[in-house]
Amino acid sequence: MPGAAPSPSRTRPRRLALIWREPAAFFVFASLLAGLATIAVTPPLRGADENAHFLRAYAISRGDLLAQAHDEKDRKGLWLDNRLAAAFDYFDEARARANRPERDYRAVFHDFSAVALPAPAAPVFKLYGGSEGYTPVAYLPYAAAAALGTTFDLGFLPLLYLMRLAGLLAFTAIAAYAIARTPVLRWAMAAVSLLPAAIFARATISADGAVLASTLMVISLCLQAALGERARSFTRGTWIALCALVKPSQIAFTLLEAMAREPRRVRNWTAAALVVAPAVMFALLWPLLVGTDIAAWRMYEPDNVAPEQFQLGWKLRHMGAHPLHFPTALITSLDYSRELWRQLIGVLGWLDIPLTALAYPVLTVLLVVACIDRQQADAALRWRIALVAAVTALAYVLVVFVLLYITVTPADSDRVLGVQGRYFIVIVPLLALIVAAFNPYALAERVRGGAAVVLAAISAVATVEAILRVDWKIAAG
């Protein structure tokens with residue numbers, strides 16, 4: 001009948017079709033589906049450094065924003081309810097034994113059901129183990145969930161899974177908003193955010209979910225400003241500051257503000273400085289408040305290394321006295337590049353849960369296809385965007401290596417220690433942006449979108465399969 005409203009059976013396919021056509025909508029669908037599955041199968045504290053991040057988020061929920069509590073050795077930590085500490089210790093010890101072939105998490109959970117938790121007693125002091133230097137920004141969703149959980153006196157397991165769920169929802173929402181706002185590379189950003197490493201980061205308690213989501217927001221807003229779309233300086237400045245506070249290495253992304261400014265005008269440089277000033281100020285202020293220590297005792301206590309080797313002042317003087325040591329160690333570390341790429345795609349857990357071997361080349365090809373886009377701008381602007389993206393990517397890599405050299409690398413090491421591929425997932429959109437600046441022919445959107453959809457499906461299956469195979473000893477087939 002003319003004018004009649006469409007039936008629900010007809011509107012439902014249209015809504016489903018919208019999910020497949022819109023990168024942001026598809027990303028939300030795929031991220032939540034894959035993330036919930038990953039939360040369900042990932043055992044407690046099996047996320048990368050999840051034990052340390054859980055403690056930091058919980059402490060923030062209790063008001064310990066500056067990580068001030070310490071033990072007699074001046075190692076920072078928090079006071080944890082003794083029953084919560086007992087359950088935490090049980091799963092942390094199980095995590096340390098996870099790779100033993102005779103032990104899987106079916107037995108871990110079975111044994112935990114028979115463990116009698118201690119009677120309420122005095123709180124127990126737990127060391128942070130490396131998360132004490134992080135600002136509260138990266139942990140806000142987790143801390144909010146922890147505050148809610150402790151209000152209702154949830155036990156350790158419900159509390160941990162509630163915190164994971166809060167992180168998944170929050171960082172999916174931020175990344176989706178960034179994908180929706182960016183004028184180019186929508187499918188590229190969606191594909192990067194749906195790699196196994198990114199799914200796993202959002203599904204566990206980690207700073208990495210906040211790092212990727214906030215970085216995508218900065219890239220998106222700066223691209224909008226560069227291409228003449230509506231993008232307020234205050235909004236960019238806010239997200240640049242939040243990004244820089246999530247992790248020290250993110251200070252490099254303040255350089256992206258240069259995309260939005262015509263370089264030949266002095267007043268543009270002044271305006272850019274005002275936009276990034278809060279990020280720089282807060283990033284410098286935080287170490288002054290809490291120090292630069294990230295549990296260096298983990299490095300010097302077992303190996304009898306002098307503690308001062310991990311102090312900022314001492315390491316800077318060492319770099320001045322031996323100017324070739326750091327660049328030599330950096331270059332030596334690049335022999336690990338192939339493994340770093342595998343880790344960027346996804347070597348999960350504590351770098352002990354590899355995907356099936358075929359997943360790495362397949363996901364790499366799909367990621368490249370999803371990233372083959374083209375900028376619609378004049379040549380001068382495309383050159384500026386590409387140059388700023390390249391400088392930012394190089395600066396980020398350098399900052400990561402410098403920070404790890406200062407904080408975790410002994411003075412006699414021939415390479416920079418602690419480098420992990422997941423740290424570099426944030427520069428993949430920048431590399432795609434450089435290609436898009438000079439690529440005369442973009443792949444059709446349906447091709448890029450199709451690659452991202454297939455990538456998401458393979459990532460989800462490969463992530464769950466890897467965790468089931470390694471932690472639960474359940475092999476496919």
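What you are looking at is a predicted structure, and each value in this text was computed from that prediction instead of being measured.
If you check the side chains of Arg164 and Thr204, you find no donor sitting under 3.5 Å from an acceptor. For the residue pair Thr215 / Gln250, a side-chain donor-acceptor distance below 3.5 Å is found, with atom types taken as modelled.
For the pair Arg342 and Tyr360, the distance from NZ or CZ to the six-membered ring centre is under 6.0 Å and the angle to the ring normal is within 45 degrees.
Taking the six-membered ring for Trp and the full ring otherwise, the centers of Tyr405 and His325 sit less than 6.0 Å from each other. Between Tyr134 and His53, the distance separating the two ring centers is shorter than 6.0 angstrom.
The backbone N or O of Leu169 sits nowhere less than 3.5 Å from a side-chain atom of Thr172 that would complete a donor-acceptor pair. Between the side chain of Arg374 and the backbone N or O of Pro440, at least one donor-acceptor pair lies under 3.5 Å. For Asp378 (side chain) and Leu381 (main-chain N/O), a donor-acceptor pair under 3.5 Å exists by modelled atom type.
At least one side-chain heavy atom of Ile467 sits under 4.5 Å from a side-chain heavy atom of Pro43. For the pair Leu194 and Ser31, the minimum side-chain heavy-atom distance is below 4.5 Å.
Ring geometry for Tyr105 versus Trp472: interplanar angle of 30 to 60°, hence tilted. Between Tyr58 and Phe54, the two ring planes are parallel [angle under 30°; tilted spans 30° to 60°]. Between His318 and Trp314, the ring planes lie parallel to each other; the angle is under 30°, not in the 30° to 60° tilted range.
Shortest non-hydrogen contact noted between Ser61 and Ala147 is CB-N, 3.8 Å. Closest approach of Ala203 and Gly35 over heavy atoms only: CB-O, 3.7 Å.
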Verdict with reasoning, Glu257 to Arg236, per salt bridge (Lys or Arg N to Asp or Glu O under 4.0 Å): CA-CA 8 Å; Glu257 177 61 18; Arg236 289 201 309 281; 2.8 Å; yes
Take Arg186 and Asp373 through the salt bridge (Lys or Arg N to Asp or Glu O under 4.0 Å) test and state the conclusion after the steps. CA-CA 9 Å; Arg186 288 191 177 95; Asp373 205 344; over 6 Å; no
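For Trp341, the ring-ring contact (aromatic ring centres under 6.0 Å, His included) criterion is met by no residue, not counting sequence neighbours.
Within a 6.0 Å radius of OH in Tyr177, other residues, nucleotides and ligands contribute 12 heavy atoms or fewer.
Salt bridge annotation for Asp335-Arg415: present, with a cationic side-chain nitrogen under 4.0 angstrom from a carboxylate oxygen. A salt bridge links Arg46 with Asp352: at least one charged nitrogen is closer than 4.0 Å to a carboxylate oxygen.
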